[in-house]
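Taking it in order: structure first as structure tokens, then the write-up.
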Amino acid sequence: MVGRGWFELLVCVLSTTCLIEVCLGFVPVDNILIDCGSPGNTSVGDRVFLADNLDPTVLTTTQNISTKTTSLNFVSSVYSQSLFATARILKGTSSYVFPIKQQGRHWIRLYFFPFADGAYDLSEGKFAVSAQNFTLLKDFRIRNGSVVKEYSLNITSDELILTFTASPDSFAFINALEIVSLPDEVVPVLVNASDTSVPSINLQSQGLETVSRVNMGNMTISPMNDPLWRLWVSDDSFLANSKFGIFVTNVSAVRYTKGLASEDIAPQLVYGSATRLNSEWDPTSNVKMTWNFDVDPGFMYLMRFHICQIVDLGTGPLFFTVYVNSKDVIKNLDVGRETSDVFGSAFYKDVIMTINDRMLNVTVGPSVVHAQYPSAILNGLEIMKLNSSSGSLAASEADLEVTKQNVKLIVGVAGGVLILLVGLAITLIIMCKKRRILKNHLLVAQFNATEAFMVSAEGGKLPDGTSILFDSKFGYRFPFVLLQEATCNFSESLVIGVGGFGKVYKGTLRDETTVAVKRGLSDSHQGLAEFRTEIEMLSQFRHFHLVSLIGYCDEGDEMIIVYEYMENGTLKNHLYGSDLPSLSWTRRLEICIGSARGLHYLHTGSAKAIIHRDVKTANILLDKNFVAKVADFGLSKMGPDIDKSHVSTAVKGSFGYLDPEYLTRQKLTKQSDVYSFGVVLFEILCGKPVINPSLHKDSVNLIDWAMKLVKKGELDKIVDPCLMDEVKHGSLQKFVETAGKCLAQCGIDRPSMEEVLWNLECALQLQRTGVKQNPHNMMFSQNNRTSSWEASVSNSQLSTCSGDDVVGISMSRVFSQMVRGEADR
């Protein structure tokens, strides 16, 4: 034990020396640096790597063999070549035992260079490395070049045992190693997963392996220029298309703010260089920057995005979205909001995501809802692998082979189950009634078209043996008995809504998940079509501002759809007809913006637009945080082909919200949704129902009434009395201007949902800042066309849209013949 005491004393002296030299930076309590196989200590900058033969009690091995080389042609120039000139060769099972003074996160860095000397060719070595309960490497072999493997472990004992296990008839080797304390802030305890259904990931007991640490801006940063001795490689070799990005540098602009970032998170050189989106591209081209990285599939990865606006992009506020393998993991990031609009303020974002492919693609692109012009920037990126459930960070060839065999087994079993299910399905179809056959044909046809054939979920059986079927893409196919249980046999006390399709119940599943259960009327042929359409639409689309499909049930004559539960119900109930507290103007604007985002996604999220066809306040739901989500897609319809201007179809929807062009000519377009949304905007502003037969004939129709007052300039008369002391003039003007444009009688004169969204964001900003609009300069420009707001609302007659349009039809007369209110839906 004398040797070990000497070793601890030397480490203490070295740590004290570092404290004197770097008094203003982080000083690691544990700072163990070993040059393996070296006859003496090796200096690398201010650091001293000890020779591992000075203390025989540190290393336990069956054979103690050292080797050296003078040929270092393949050693990376970013590391000191002297650390790779010698190596310790280990046979059988060998262990390094290091004393740990302060428990917590530590770096473990392992240096390898497979040189060949007279007796050993290190490229023939094959071995495993473990530390604590983690497998760091398994069946590891390096053929050429140098590599440094970096890990981060939370050490919870007073010593660290690093074990090398050579494969039979082979050996292990190591050139150098580091065991260094890590600042607490570098690895957080909790990180949110990209999948919102998964709770935050606790990293306290997780081991991490650095897969890639990249500095954007086409500049490599050596360990000598990082306070924690990290290597940041240049991003140019990972960038998929360099013409989409521009490398920029402005180190002097970098500012560190407490709580956002620090030199330990990433050095100033990282935040001071960046790759930004090439702003010379056409704003409509949807250009994005992508970096590609090789990873081991089947692991969770912690990704840290370093961001700092170091140059003026000339496009106004910087908004952008970050994608990982096409999934938006950081959506519509507002850099100004993150940094309190401090130019050059550094910050970072952590994301955890499971990657099942061998390639990890990181993409940054402009925000589709905020940015007028493409803008995006990224300064640095770290990708760290989390250990598997067995504590392994290794993906060896043997592991991959086992995985392949397991996949083959699973595919074989699944194939057998699939054949059995198909046989049972055919038998059931033959035995069912004609209507049952028709209904299942419709559903099966749809699900086959979207690759949604069901497979049994693991553990998914009821006590009576009934299977809960799970669609890996869309959700559960619930047994009817389970939904009966969830809703207390469809108790009337749990009814939270009633519509043309049927009643909606609040339900609680066995795992305590609260859901909304919409049960269709069994004798409704129209209900069957809506049931099919709703599942079809919700199966294809997922968006934060669209209500999510959880599952469905189609047993017997039952047509039931299960959605996420929206705690605050419909927007309609918060505007009138209930005793719920009034919504503030700011909250109403946020609800409008959220709804517009959902509709914009429907219109632009696929090759063909989806037209909702029933936009109204009863179909805008609010979650517990009053986030708006568009619901009820039973009447939705696919938009026209690219060479068509509209879809010809029978008129369906809700009275008061129908597009005049669609109502009179049966021509459905995306602009039909825009018109309906304009009605919703006035409904939100006025706090009144769209149709109220109990009022005087001049006030029955909300839009006719509001338009007359707008024309007269009497805006204060249409604002909900609850808002009179709250709405700022500029915000009101912008809002009414936007709503009015949506209600243009000809669809071609209405803005797109993207333009509506932008204007609503502007109204919200005006409300927050109090900036006032000039009421005499309210013009709207689109594709070099400028039309006056006054002209767009000058009358409530249908204008001539084309030669064959119906003209001179009063909307008041149309609605007076069809007033049945919301009871018709």
Side-chain angles (χ1 to χ4, degrees), residues 14-15 17-19 21-33 42-49 75-84 104-111 146-153 176-188 208-238 249-256 260-275 302-308 310 344 346-348 350 378-384:
L14 290 173
S15 299
T17 303
C18 291
L19 177 62
E21 293 178 346
V22 200
C23 60
L24 296 179
F26 171 75
V27 179
V29 175
D30 294 303
N31 190 29
I32 302 168
L33 312 175
T42 303
S43 296
V44 180
D46 295 332
R47 312 172 89 203
V48 177
F49 284 73
V75 175
S76 171
S77 60
V78 296
Y79 292 103
S80 172
Q81 292 189 343
S82 58
L83 293 178
F84 296 95
R105 281 276 169 188
H106 285 65
W107 290 128
I108 297 179
R109 294 191 181 110
L110 308 177
Y111 294 69
S146 62
V147 65
V148 176
K149 291 285 189 178
E150 181 183 272
Y151 305 89
S152 168
L153 303 184
L177 61 88
E178 301 179 35
I179 313 293
V180 182
S181 298
L182 192 59
D184 293 337
E185 66 173 329
V186 173
V187 178
L208 304 176
E209 177 187 354
T210 303
V211 176
S212 294
R213 182 178 287 119
V214 182
N215 179 49
M216 277 57 187
N218 193 24
M219 181 174 68
T220 294
I221 300 174
S222 71
M224 299 281 286
N225 293 315
D226 185 294
L228 301 183
W229 283 79
R230 294 164 293 195
L231 170 64
W232 301 78
V233 299
S234 171
D235 70 322
D236 62 317
S237 62
F238 302 99
T249 305
N250 186 6
V251 179
S252 62
V254 178
R255 302 288 181 271
Y256 287 114
L260 293 182
S262 68
E263 190 83 12
D264 290 334
I265 294 296
Q268 196 171 18
L269 288 174
V270 170
Y271 286 115
S273 58
T275 301
L302 168 64
M303 288 156 280
R304 174 165 292 175
F305 300 91
H306 297 276
I307 302 162
C308 182
I310 55 174
F347 70 101
Y348 65 94
D350 286 340
L378 194 60
N379 303 72
L381 171 65
E382 295 177 86
I383 302 174
M384 290 163 274

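Values reported hereafter were calculated over all heavy atoms of this structure, with side chains retained and with hydrogens, waters and symmetry mates removed. What you see is a predicted model, and the numbers here were worked out from it, not measured in a lab.
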From [X] atom [atom1] to [Y] atom [atom2], the distance as rounded to the nearest 0.5 Å:
X	Y	atom1	atom2	answer
Leu302	Thr210	CG	OG1	9.5 Å
Ser152	Glu209	OG	CD	11.5 Å
Gln268	Ile221	CD	CD1	10.5 Å
Arg105	Glu185	CZ	CD	14.0 Å

Is [Y] close to [X] at the side-chain level, that is, under 4.5 Å between some pair of heavy atoms?
X	Y	answer
Trp229	Met224	yes
Tyr111	Ser146	no
Asn215	Ser273	yes
Ile179	Trp107	no

How close do [X] and [Y] get, heavy atom to heavy atom, and via which atoms?
X	Y	result
Gly272	Ile310	O-CD1, 3.2 Å
Leu231	Arg213	O-CD, 3.4 Å
Leu260	Ala346	CB-O, 3.4 Å
Met216	Leu378	CB-O, 3.1 Å
Asn31	Val180	OD1-CG2, 3.6 Å

Report task. Begin with the C-alpha distance, continue with both residues' side-chain angles, and end with the deciding distance and a verdict on side-chain contact (heavy atoms from CB on, under 4.5 Å) for Tyr151 and Leu110. Result -> CA-CA 9 Å; Tyr151 305 89; Leu110 308 177; 4.1 Å; yes
Set of ring-ring contact (aromatic ring centres under 6.0 Å, His included) partners for His306, sequence neighbours left out: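 Counting only residues at least two positions away or on another chain, His306 forms a ring-ring contact (aromatic ring centres under 6.0 Å, His included) with Trp232, Tyr271.
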(message) Give me each pair satisfying salt bridge (Lys or Arg N to Asp or Glu O under 4.0 Å) with a member in residues 219-229, each pair once, sequence neighbours excluded.
(response)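 Listed once each, the pairs are Asp226-Arg230.
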Has the side chain of [X] got a donor or acceptor atom that lies under 3.5 Å from a matching backbone atom of [Y]?
X	Y	value
Thr220	Ser234	yes
Ser181	His106	no
Arg304	Val186	yes

Using only heavy-atom distances, determine whether the side chains of Ser262 and Asp264 contain a donor-acceptor pair under 3.5 Å.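 Judged by distance alone, the side chains do not pair up.
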- request: Verify the distance criterion only: is there a donor paired with an acceptor across the side chains of Asp235 and Ser237 at less than 3.5 Å?
  value: no
message = Working note: Thr275 + Asn218, criterion side-chain contact (heavy atoms from CB on, under 4.5 Å); need CA distance, chi angles, decisive distance, verdict.
response = CA-CA 8 Å; Thr275 301; Asn218 193 24; over 6 Å; no
Result for side-chain contact (heavy atoms from CB on, under 4.5 Å) between Ile265 and one of Tyr256, Phe347, Tyr348 points to Tyr348
Walk me through whether Val251 and Leu269 qualify under side-chain contact (heavy atoms from CB on, under 4.5 Å). CA-CA 6 Å; Val251 179; Leu269 288 174; 4.0 Å; yes
